[in-house]
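So the structure is just underneath, and the comments pick up after that.
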Amino acid sequence: MGTFGKDSHLHLIDGSAFIFRAYHALPPLTRKSDGLPIGAVSGFCNMLDRYVEGKTGDDAPTHIAVIFDKGSHTFRNDMYDLYKANREAMPEDLRPQMPLTRRATEAFNIACKELEGYEADDIIATLSCQARDAGGRVTIISSDKDLMQLVGNGVEMFDAMKNKRIDREGVFEKFGVYPEGVVDVQSLAGDSVDNVPGAPGIGVKTAALLINEYGSLEALLERAEEIKQPKRRQTLIDNRAQIELSKRLVALDCNTPLDFTLDDLEARQPVPETLLGFLAEMEFRTLTKRISDRFNVDAPVIADAPAAETPAAAPEFPTIAPDAYDCVRSLDDLDAWIAQAHETGWVAVDTETTGLNEMRADLVGISMAIVPGKACYIPLTHKTGNADDLFGSDELAEGQIPLQAALDRLKPLLEDPSVIKIGQNMKYDAKLLSRYGVEVAPIDDTMLMSYALHGGEHGHGMDLLAEKYLGHQTIPIKDLLGSGKSQITFDRVGIDDAVKYAAEDADVTLRLWHLFKPQLHQAKVTRVYETMERPLVPVLAKMEMSGIKVDRDTLSRMSNAFAQKMAGLEAEIHELAGASFNVGSPKQLGEILFDKMGLEGGKKGKTGAYATGADILEDLATEHELPRRVLDWRQLSKLKSTYTDALQEHINPETGRVHTSYVIAGANTGRLASTDPNLQNIPVRTEEGRRIREAFVSEPGKKLVSLDYSQIELRILAHVAGIDSLKQAFRDGEDIHAMTASEMFNVPLDQMTPEIRRQAKAINFGVIYGISGFGLARNLRIPRAEAQAFIDRYFERFPGIKTYMDDTIAFAKDNQRVETLFGRVIHTPEIAAKGPRAGFARRAAINAPIQGTAADIIRRAMIRMPDAIAKLPAKMLLQVHDELLFEVSDEAVDDLISVAKDVMEGAAHPVVHLDVPLVVDAGAGDNWAAAH
DNA sequence: CCTGTCACG
DNA sequence: GACGTACGTGACAGGG
């Protein structure tokens, strides 16, 4: 032993790869005693230990080293200054762990090597060459494709994560060429991660094809004129210098000047005291124990962490027993329940109906609960016959109180201001009962309580809440109704089954109410619930019931016109493709574009299908006529299927209007969502789409009035981040995007171009969304480095924004939540996640307080609106995040605008005094397009 | 039922 | 050196 020779086996561990794997695989652990981040070090040690221990017999190393990168500037940067310029900065909590991984390597008594100005890959290459020349074997522990050029002649790679050896065949699988061709393929294909340019439009597949055909890169470039495909030929000729540069960047250096020899890398046993000392210092309990046991020595003592807090006990309820519920079949029984509700002052209520659309469904029965465990169901319109009876019968089942008689008794209770009606999603029940002449009030809503308490943690459906907070599985509605084609409506459900299901819902709702009510105060969200959730229910119920008039003829005419245009486009597309296929199938389209027609740039997603999104087709449109036609076809298809066709189906035959339904507890940020139909995404951005808004009309003698907040999110950002220059600009009524552009690019306002302003606008929006170089680059279609430079300059000019972002993330990490200015809590359980999810969570955490504050403001305005406009002949119809749409008699348009504008502009008061004014723009017209 | 695509703020 | 990438939604069509 000692001298490296033909029986030697050198293992070279790619240290940086180990560290990053460890960092991304583990949660962000910190050292208990002082909070030092040590997750990556912990993972690194475990991987190192497991690797060394796992190698025995033929695989055991005689020589071993861990190789690290050193410094960020290497000789490759001298050749090409953009080399690896795309790399993201090292995460903050990883940086301090880098020196610790060197110490860990030394503690394991393994050689630890790095060299200024060279990448680890070059050291690995040099050592591999030396070992191979000495007749020994080499295993490179890495899965980095850049190292694959070294494989062969006794050199193999080993992917420690997948526990897979990579030999010549493995390299061929990855690159389509054997190791000696890898450099050539990489030179052509380039690498976006390392920013190796390569040849534009040529990927690994094409590159391998070319290298295999011509033998080598040099031969290929020499004989480029012979290539048949004109575009490919021109690319190779035009980019020769760039390809040759790429080759120099990609080729690893086997002559790195090293100040040590292979013999210095001889494998040594770790020294127990040294290794255990280091592990104990890091406070790795499990690993310290495992290695102590192996050495048969006592483990060093590591102080224990303080005990975790114990959660507060949940209130105790009797077991939920559906068999014990009452079925109310007589007026006397009903009166008894009503009397008890009056006496208690609250009652949980739930309605059962024939469908989910409150505007069309019929009432079937009502359930009530007043004390946990005691609940009743009042069947009202159940039909005879059962699920087996295909058509059932329209005759009422026996033993039910007549509908009207029951409602007459219930109405005084449901409208009694001194009795709280508790429901889960009360808007549904309130709307339904309103159609039967009952205006339910006052209400409490367990769904909204959960939303205020647990927004961002989970959904707020009753089944989920029962499971999570009561440990109870509710009876699934599927058990009663079935599903799919054979699904029945609730009035066909047997009354005995209905009692169990319906009364349970009321019981569960009451229990959740008892549980949540005191928690609102403890969690400091009482004001959120009381001022921004609960009072919104009747407001939305009224808007939804009002609906908006939609002109069927206008839609129908547009549908026909779209259909004609689409048919024309379809014919052209098939002609251009030389084949007939379904244009609406992304799968078929992808195959036509990339397989049949052979266009470049086909990328397959995880399902194996080519991506054919608008951005990709947009890029292809410069090369071929077909993608543009498909884009046009898609636009029309969308407009027709989602709007001009579907909206007609949503016109209520009784009212002649479209009634959307708002989801109050759907969006994590506090925004509303609109469903069935969604009236918050009616087209406006393109001329053709905008015309759909002409179908949304006012009644004769009335107008539609639209009022929308101008730049509300940017104003909120200026306020919360405390950016004086932005605040002043808003006070002065300046063009905020132009002002941003002027500040960033040093262009005077009077010399502003639309292009510069557009870029500044994209950055402003990016900031609200938790900007990233990648995202901005994609949005502006500019190189990532350029986008990053914009962001850097923006943060330089507006350092307060950067501080706000960092502070928000830090707050989210400390508290697992963020808050709006009005105290709405948005939980961020993913903020501690690792990997891509961490990025999502961080950006969502930055965005949530801004989007959420804007959502709070418009909610407050909506809640005040009914009183403010009570004396005007006007109705509030729709909300579209920053816009409210009204229908108002012609003569009152100006009054309405004046009143509603005041309400909206003053909606933050008195809870929050913004440093910037809120500005509302208004418009009026006979249709929504004209009002905008 | 899931995925891709695309409409909105 | 990597699993992915600007925030928040809902509806529709295709395809297994």
Side-chain angles (χ1 to χ4, degrees), chain A residues 14-21 23-25 69 84 87-88 90-91 94 119-121 142-146 161 193-194 582-590 605-607 609-617 631 634-635 637-643 645-647 660 663 666-686 689 692 708-709 712-713 762-763 765-780 784 787 791 826 834-840 842-852 854-855 858 879-883:
Chain A
D14 182 348
S16 304
F18 256 45
I19 295 169
F20 278 94
R21 280 255 160 98
Y23 178 76
H24 289 292
D69 292 308
K84 297 208 173 180
R87 282 289 161 83
E88 273 192 34
M90 187 181 296
L94 179 54
E119 292 181 55
D121 290 359
S142 174
S143 55
D144 186 350
K145 58 185 180 348
D146 295 343
M161 290 302 278
V193 178
D194 290 349
N582 183 349
V583 183
S585 163
K587 184 168 173 280
Q588 294 181 31
L589 174 66
K606 50 190 164 214
T607 57
Y610 289 109
T612 65
D615 48 347
I616 290 174
L617 295 187
L631 284 168
R634 276 201 185 151
Q635 196 199 1
S637 164
K638 181 80 176 180
L639 295 178
K640 182 170 186 293
S641 71
T642 308
Y643 301 103
D645 285 352
L647 270 175
T660 184
V663 187
N668 282 338
T669 52
R671 272 195 179 180
L672 301 177
S674 161
T675 64
D676 306 303
N678 181 355
L679 295 186
Q680 290 180 323
N681 72 344
I682 304 301
V684 71
R685 290 176 189 173
T686 65
I692 290 173
D708 69 290
Y709 285 106
I712 186 166
E713 294 191 355
I763 295 167
F765 277 109
V767 166
I768 291 172
Y769 297 151
I771 201 157
S772 80
F774 185 95
L776 184 65
R778 199 175 59 169
N779 189 286
L780 285 177
R784 188 170 161 173
I791 295 170
I826 298 137
K834 278 285 144 196
R837 282 149 54 138
F840 279 116
R842 283 183 33 243
R843 294 191 293 268
I846 289 170
N847 175 256
I850 302 169
Q851 189 182 114
I858 197 164
Q879 188 250 42
V880 192
H881 309 307
D882 63 358
E883 170 188 6

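Quick note on labels: first sequence line is chain A, next is B, and so on, each numbered from 1. Just the heavy atoms: all of them, side chains too, but no hydrogens, waters or symmetry mates, feed the values below.
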Can A:Glu119 and A:Asp146 be said to form a side-chain contact (heavy atoms from CB on, under 4.5 Å), step by step? CA-CA 11 Å; A:Glu119 292 181 55; A:Asp146 295 343; over 6 Å; no

Nearest-angstrom distance, C1' atom, B:dT5 to C:dA2: 27 Å

Under 4.0 angstrom, heavy atoms only, what part of the nucleic acid is A:Ala646 near: base, sugar-phosphate, or nothing? sugar-phosphate

What is the distance, rounded to the nearest whole Å, between atom CD of A:Glu713 and atom P of C:dC7? 13 Å

How would you label the contact of A:Val684 with the nucleic acid (heavy atoms, under 4.0 Å): base, sugar-phosphate, or nothing? sugar-phosphate

Any A:Ser585 side-chain nitrogen or oxygen under 4.0 Å from OP1 or OP2 of C:dG15: yes

Donor-acceptor check, side chain of A:Gln680 to backbone of A:Gln879, threshold 3.5 angstrom: yes or no? yes

Bracket string, DNA chain C, 5' to 3' - pairs by Watson-Crick or G-U geometry under 3.5 Å, | interstrand: ......|||||||||.

Say whether, by atom type as modelled, one donor and one acceptor occur between the side chain of A:Thr660 and the main chain of A:Pro677 under 3.5 angstrom. yes

Atom-pair distance (NE2 on A:His881; P on C:dT9), nearest Å: 10 Å

Say you draw a straight line from NZ of A:Lys640 to CD1 of A:Ile692; how long is it, rounded to the nearest 0.5 Å? 11.5 Å

Kindly say if A:Gln879 contacts the phosphate of B:dG9, meaning a side-chain N or O under 4.0 Å from OP1 or OP2. no

Determine whether A:Leu776 and A:Ile763 make a side-chain contact, defined as any pair of heavy atoms from C-beta on separated by less than 4.5 Å. yes

Distance, P atom - from C:dG4 to B:dT3, rounded to whole angstrom: 14 Å

Does a nitrogen or oxygen in the side chain of A:Thr612 sit under 4.0 Å from OP1 or OP2 of B:dG4? no

Please check the phosphate of C:dG14 (OP1 and OP2 only) for any side-chain N or O of A:Asn582 closer than 4.0 Å. yes

Report which part of the nucleic acid A:Ala762 touches: base, sugar-phosphate, or nothing (heavy-atom distance under 4.0 Å, all strands). base

Check whether A:Asp69 reaches the backbone of A:Ala120 with its side chain - one donor and one acceptor, N or O, closer than 3.5 Å. yes

Nearest of B:dT5, B:dG9, C:dC7 to any side-chain atom of A:Pro586? B:dT5

Does A:Tyr23 have A:Arg21 sitting over its ring (NZ/CZ under 6.0 Å from centre, angle to axis within 45°)? no

Using a cut-off of 4.0 Å on non-hydrogen atoms, how would the nucleic acid contact of A:Arg634 be classed: base, sugar-phosphate, or nothing? sugar-phosphate

Go nucleotide by nucleotide along DNA chain C from the 5' end; which of A:Leu94 and A:Gly775 gets its closest nucleotide reached first? A:Leu94

side-chain N/O A:Arg837 vs C:dC3 OP1/OP2, d < 4.0 Å: no

Below 4.0 angstrom from OP1 or OP2 of C:dG8, is there any side-chain N or O of A:Arg843? no

Here the distance between atom P of C:dG1 and atom CZ of A:Phe20, to the nearest Å, is 8 Å

Taking for each residue the nucleotide of DNA chain C with the nearest heavy atom, is it A:Ile763 or A:Tyr643 whose nucleotide lies nearer the 5' end? A:Ile763

Taking the side chain of A:Asn681 as heavy atoms from C-beta outward, which of B:dG9, C:dT5, B:dA7 is closest to it? B:dA7

Hey, is the main chain of A:Tyr769 close enough, under 3.5 Å, to the side chain of A:Asn847 for a donor-acceptor pair? no

Heavy-atom closest contact (A:Leu94 atom, A:Phe20 atom, distance): CD2-CE2, 3.6 Å

In this structure, how many angstroms lie between the P atom of C:dA11 and the CD atom of A:Gln680, rounded? 10 Å

Nearest to the A:Tyr769 side chain among B:dG9, B:dC6, B:dC8, which nucleotide is it? B:dG9

Between A:Lys587 (NZ) and C:dG14 (P), how many Å, whole number? 13 Å

To the nearest Å, how far apart are A:Leu639 CG and C:dG10 P? 20 Å

P-based separation of C:dG1 from B:dC6 [nearest Å]: 36 Å

Looking across every strand, which nucleic acid part, if any, lies under 4.0 Å from A:Ile771 by heavy atom: base, sugar-phosphate, or nothing? base

In whole angstroms, the gap separating C1' of C:dG1 from NZ of A:Lys834 amounts to 14 Å

So, is A:Arg671 near the phosphate of C:dG8, with a side-chain N or O under 4.0 Å from OP1 or OP2? no

Rounding to an integer number of Å, can you tell me how far A:Leu679 CG sits from C:dT9 C1'? 14 Å

